[in-house]
Structures are given as structure tokens and as C-alpha cells.
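Below is one structure; the comments refer to it alone.
Basis for what follows: all heavy atoms, side chains included, without hydrogens, waters or symmetry-related copies.
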Amino acid sequence: MSEHEIKKEAKNSAQVMEKEYYEQLKQTIDRHMDLYYNQNTNEISDYEYDQLMLELKAIEKEHPQWVTKDSPTQKIGGVAKREAGVTITHHVPMLSIQDLFSKEEVTAWIAKVKEVHPDARFSVEHKIDGLSMSLRYQDGVLVLAETRGNGTEGEDVTLNARVIPDVKQTIDAGDYVELRGEVYMSHEAFEAFNEKQESLGKKPAANPRNLATGTLRQLDPKITEERGLRMFVFNVQDATGESAHLMEYHTAGLDELAAQGVAVVPHILCNTAEEVLAAIDEIGEHRGDYAYDIDGAVVKIEQVAYRADFPAGSKYSAGHVAYKYPPEEKEVEIEEVEVGVGRTGKMTFRARFKEPVRLCGTSVQYATLHNMDYIESLGIDEGCRAICRKQGEIIPAIIRVTKPTGTIFRAPDVCPVCGHPLVKEEGTADICCVNPSCPAQLKRTLSYFASRDAMDIKAFGSTYVDALVEEGYLHNYVDIYRLHEHRDELVEKGIMGKEKNTDKILAAIEESKHHPVDKFLTGLAIQNVGKASAKEIMKHFTSLNELADASVEQLVMIPDVGEITAKCIHDYFSDEENRRLLSEVAALGMNLESQIQAQGTALAGLTIVVTGTLPTLGRKEAAELIENNGGKCTGSVSKKTSYVLAGEAAGSKLDKARSLGIPVISEEELFTMIRE
């Protein structure tokens, strides 16, 4: 074989290997696209995903003959899901924005635009890290809300959109107007959700973006409303007739909408490339101060008509680019690995840094370490140096070790709080303390037991619980109902205040014995059994003792109770200590009987909204009365509402009921309906 033939064969072999790598890279990116867009989760950071896409684009630039329509560079990542609504074909395609990763690329793009239109101006905006939704208005009235899906088709999520406070039901506009925006979850709402998940022993959400996506796709609008989604409008997609002027100048259109109360994306109008770069820097410098996540800055041509002269292919919107900020990282020295105990007994691990660092606008001295598998995989130990990054711009996390110690942190063998031997849960990375009297768990468990969602013991907050545990008065929830035996001691020590406040709390504790049994079940904090599920479960049993004797097979027959939840319930009541406590609290007068057998059916099939101040009933009492008589109580008026129960100062819900022709009833009329 000649030297030329050898070189040719080697070249062909290298090209075959590169093509194989290219195909594998496409499959890898496709998998991550599916996780991110369709399964509301992710295994790698946005930055790592962007690097994979840049590598793929570089290969395709060198080998354009390899590019096919199914390449990740040629398509939008999502698919329209049907479980949350009807599939809708978009009136205006909902395309992506081309990402740029350097200031030089931004400058070059602006220069290209200026060559064609020297008078072009630019809007620089926050690139909100959420999910896109379009709103269609006909003659000023919201008629449809749709997700992006695959860019051509999305889901009808109108009912869920209507409960988002930032979504205007009407706007001052004629003919047809279509707005596109980003639905997101604020840091505050995200943290509240995860705190609730933790209190229920459930898995927290990974980041606000994924939680927002899953929330908007919920089948029940009540869940969407409870989780507190928000929305910024960032574009006028289409406008006809007297509203057509909204499509002339981008920021002028946004400002006109803002004047009507529409929440529009923060934007800065710029004339030159220097001004655009300064605006990008300003947004980036403050990204840690915003109440929401951003993952870049969007640059749009202000004169909407000019955008059509700069198409970016079938995947990207014309006249737009997005500058992606690099992830902010800092090197830290891990001084200590702190081990804590969660409410469910699970060991928690976090790194405390020797010195705090600034990340995304905030001072950070701690980072979560998840579990021992995570610690071992990175080689973390006290004294090592490592790189810290805020995952999703919020949660500080260690991503790699830069200077190892040569050893790896070892988990304790016993609980750091009570000294009880720790147990590794089978099939998981979790290490747990299984001592039910562990003080670390006890404080959290008893605080939850007394909380509003559970036994609702008025004024008996976590401060008092902590003090009573530390003073040795509380070892389990039964001891709460024995506190009256120590009344004089408690007053003398002032643990719950003076005589008047102590008696007030003791009376509230006594009163809580008569609460519905589902509140007691909620308070037991059985894994996967929260407020709503406890209420549903107790509809199928005459008492808590009957539930305690139920088999897993019986439990899984209850709607929304799967095998995991059923096993958690069965295992809880199979524990001798838990059964003993149940017997003791019953002897002290706790109501363990279900009232479901005594409920009526007078309101069966009816959906009733309560609004205003009623003569004798509080809203909570009215809702319970409606549900106890077979009805359903909701918080918003819609065409599916059967009646609106209205009192004084009823407000907008009453106005909406009248506009929809929904019957309005008084408290007395509700009583009459139940009696009949």
C-alpha cells in the first residue's frame, strides 16, 4: 500500500470515528432536551448543556452534509403534552431565541443589523428562566392561553393561566391581540413549596423553573393557584385593527400594556452597541438581587418591522438574540462538614466555608452536600478546596474539588443529636436515625403536629415546643395533652408566658381534641400523607383505629393512595410504639372517630364559591359545612360554579358571578338547602 493510500485510509477512519461521535453527541443532547423540556428535570447544568450544543454546532459547521432535520440544532426541545389540556396549533409559531456566548458575538450581530438599518434601536431585557406561554385576546377578553410545546403546537392551559395573578383577564385593546410571556416561580414561592414538602416528608423540587413547568401543566387549577406562579409579558406576537400600533415599536407596545397593569418584562431601550453591552452588564451585575431566576439577557430590534430582515432559521425568532451569562463560580475552603437531622430522621449534610464568598449578589458560607454518595463521588473532606456554584442561580452547591486532602469525609455511626445508631435505608443513599424520641426530630415533628395544617393548636408555636422539649416536658405528641398536669410549674417557669397566656394555650390544646380526625392523621406526619390526602383517606374509614388495622391491599383501593403511601401508613401503625401512643391519646379524650358517616348529601354535585363576610359563619366554617354536605368549595368563580355564597363586601367574585348568570345565595338560603 502506497503512502498516499495509507494517509487516505487513516483520514477515512478518523472521519468514521468523528461521525460516530457526532451521532452519539446528538443522542446525548436529545436525551437532555427530553429531560428538560418534557420531564421537568435535568441532570446537567444549563452551562454544561450549552457547551454540548456549541460542540455539536462546531461539528456541523465543518460537516454540513451530516445535518438532518432531527438534529438538536434544527428543532425546539419540547413536545406538547395532552394530560394537562387540549393540544393547540399556534397562531404565531413560538420559536426559541438564538444564544450568543460572548460580547463580541453580540457586537457583531448589532453591526449586522446597523448595516441594513442604521436607525435601528434595541431593547435589552431580562431572560427569565421559566416557560413560555402565549395569551390570545379577542376584543380585549382573554380567550386562550397556550404553552410553547414544540413551537408549532402546545397545550391549552387557559384554566390554569386564569389563576395566575399577572394574567389579565381583560385588556384595553380592540380586535385580536396575542401576547407572549414567561411563566416563572419566585424564589419566595419556591422556598415555601420546598418547606412544605420537607414538612410532609416529601421530595423537594429541584429548581423554580422545573416546578413552574410542572405547576402550569397541572390538571387542577387550584394546585396552580396555591403554588403562586407569576408571568412577565415580553412580546406582542400579533395585533390587528385598532391595536395594530402595538406591533410598531416593541418597547412602546410593552409600555402601553404596562400602563394598563400588564406585568411586562424589565427592559432598557438602547441606541448603540456600547449601550447594549452596558445594559447587559447592568442586568448581570444585579441578577442575584431579582426575585426570580434569569439565565441571560435578550436583545431585540425595537422596530418590529425590521426584524423580518434578519431571519435565524426555522428554530429561532427573527430579530432576537440572547446573551447567556457564564455561571458564576468561586473557590472555597471547606472548614467543616456539618451533619444534621431532618424531621423524618434523615441525616443532612452541608459544607461550611472558612470564609464567605459572594455569588449572584449574595453572601454564601454554606453549600448543600445532599448525601454520602454525593460526598464520596466528589471526594469531599474537611480542609479541601472546592468550586461552589449556585445551581439555578439559587442553591449553593459544590461542583468539584480542586485541592483534595487525600481522604473523604466519613459519616457518623450514631445520631449526632441522640446517639442512637444510624441505619442506611435500603436502595437509597439516605442514612437515618430511627429513634422516634430523638430530640432533633421531636421538635420539628411536634411543631408540625400543632401547626395550622394539622391540629391547629392556637398560639402553640415552635418556640414553645422547642422550650418544652428542652425542659423535658414533651417526649411525644401525647405529652402535649398532659401539659395541664404541669400547669403551675409552667406558669412559675414562664415557659409559655404568664398565667393568662399559659391558660389560653392549655385551653386551645384541650379544644383541639375535638377537631376532625383527618387533622390528627395529618399531624402524625406519616410519609406521603399530607392535609389533602388525610382528608380523603378518612372518608373511607369510620375511625383512625379502623385505618390502623387496614392492610396495604385495602389502602391502595383508596383514590390517590399508591403502594408506597399505603406501605408508609401500614408500617407506621404496625410499629408497637406508635400503637401505644395512639391508645394513650385516645384515653385522654382525643377524637379518633370519622364524621364521614354523618355527612349529608344535600349539596352533592354542587360547586360553591364563598365570598364576602357572612353573618355567622367564617369562610373556613362555610367551606367545611359545604363539603360535609357533599358539595365542593372552590376559590374562584367560573362557568362550572353552581352557586356563589355571598356576604357583605363580596367584591369582584360577586360581580363575575352576575356577569356569568350564576345564582347568588345568602347564608340563610344555604342553611335552607341543607335542611331540605
Side-chain angles (χ1 to χ4, degrees), residues 191-192 194-202 340-348 415-420 432-527 529-531 534 572 575 577-578 580-582 584-586 588-591:
E191 289 165 5
N194 274 351
E195 285 176 8
K196 185 174 182 181
Q197 290 293 96
E198 175 67 21
S199 71
L200 297 175
K202 295 185 177 180
V341 186
R343 183 181 61 80
T344 59
K346 186 190 301 182
M347 293 298 107
T348 61
C415 175
V417 176
C418 70
H420 194 279
C432 298
C433 173
V434 294
N435 177 14
S437 298
C438 175
Q441 298 176 67
L442 189 61
K443 290 179 181 179
R444 294 179 177 87
T445 300
L446 295 186
S447 292
Y448 178 70
F449 181 87
S451 69
R452 181 180 297 179
D453 281 346
M455 290 303 288
D456 195 17
I457 302 176
K458 307 297 184 186
F460 191 54
S462 59
T463 301
Y464 293 143
V465 169
D466 290 354
L468 289 164
V469 170
E470 289 166 6
E471 290 288 331
Y473 288 99
L474 299 181
H475 303 90
N476 51 59
Y477 66 83
V478 179
D479 285 342
I480 293 174
Y481 296 93
R482 294 190 176 116
L483 285 175
H484 66 278
E485 300 171 6
H486 309 285
R487 186 258 184 196
D488 294 341
E489 288 178 36
L490 296 173
V491 172
E492 184 180 348
K493 292 181 178 180
I495 295 176
M496 297 190 297
K498 296 181 180 179
E499 185 173 349
K500 184 177 179 180
N501 196 59
T502 299
D503 286 341
K504 178 183 175 182
I505 294 174
L506 292 176
I509 291 171
E510 184 65 25
E511 182 185 348
S512 73
K513 291 179 182 179
H514 309 294
H515 287 341
V517 67
D518 61 270
K519 297 185 76 65
F520 179 76
L521 176 58
T522 303
L524 295 179
I526 301 171
Q527 195 169 3
V529 180
K531 179 181 175 181
Y572 180 89
D575 185 274
E577 176 67 8
N578 291 333
R580 181 184 68 79
L581 293 175
L582 193 62
E584 289 185 12
V585 80
L588 291 171
M590 178 66 69
N591 170 44

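For the pair Val341 and Met347, the tightest heavy-atom approach, listed with the atom from each and the gap, is CG2-CE, 3.6 Å. Of all heavy-atom pairs between Leu442 and Leu474, the closest is CD2-O, 3.4 Å. The shortest heavy-atom contact between Leu468 and Met496 is CD1-SD, 4.0 Å. Closest non-hydrogen pair, Ile509 versus Leu483, comes out as CD1-CD1, 3.9 Å. Nearest approach of Gly523 to Ala454, heavy atoms of both residues: CA-CB, 3.6 Å.
Atoms CD1 and CD1, from Ile480 and Ile505 in turn, are 11.5 Å apart once rounded to the nearest 0.5 Å.
Residues satisfying the ring-ring contact (aromatic ring centres under 6.0 Å, His included) test with His486, not counting sequence neighbours, are Tyr473. Scored by the salt bridge (Lys or Arg N to Asp or Glu O under 4.0 Å) test, Lys519 finds no partners at all (sequence neighbours excluded). Here Tyr477 pairs with Phe449, Phe520 under the ring-ring contact (aromatic ring centres under 6.0 Å, His included) rule; sequence neighbours left out. A search for ring-ring contact (aromatic ring centres under 6.0 Å, His included) contacts involving Tyr481 returns nothing, not counting sequence neighbours.
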### Task
Take Leu521 and Ile526 through the test side-chain contact (heavy atoms from CB on, under 4.5 Å) and record every step on the way to the result.
CA-CA 8 Å; Leu521 176 58; Ile526 301 171; 3.9 Å; yes
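A distance-only check finds a donor-acceptor pair linking the side chain of His515 to the backbone of Met455 [under 3.5 Å]. In this structure, the side chain of Ser451 engages the main chain of Tyr448 through a donor-acceptor pair within 3.5 Å. Proximity of a side-chain donor or acceptor of Asn578 to a complementary backbone N or O of Tyr572 within less than 3.5 Å is detected.
Atom CD of Glu492 has 12 or fewer neighbouring heavy atoms from other residues, nucleotides or ligands inside a 6.0 Å radius.
Legend: side-chain hydrogen bond (donor to acceptor under 3.5 Å, both in side chains) pairs involving residues 496-510, not counting sequence neighbours, sorted by first then second residue: Tyr464-Asn501, Arg487-Glu499, Arg487-Asp503, Glu510-Lys513. Sorted by first then second residue, the salt bridge (Lys or Arg N to Asp or Glu O under 4.0 Å) pairs that include residues 457-471, not counting sequence neighbours, are Lys443-Glu470, Asp456-Lys458, Glu471-Lys493.
Within the 4.5 Å cutoff, no side-chain heavy atoms of Val529 are placed close to those of Leu524.
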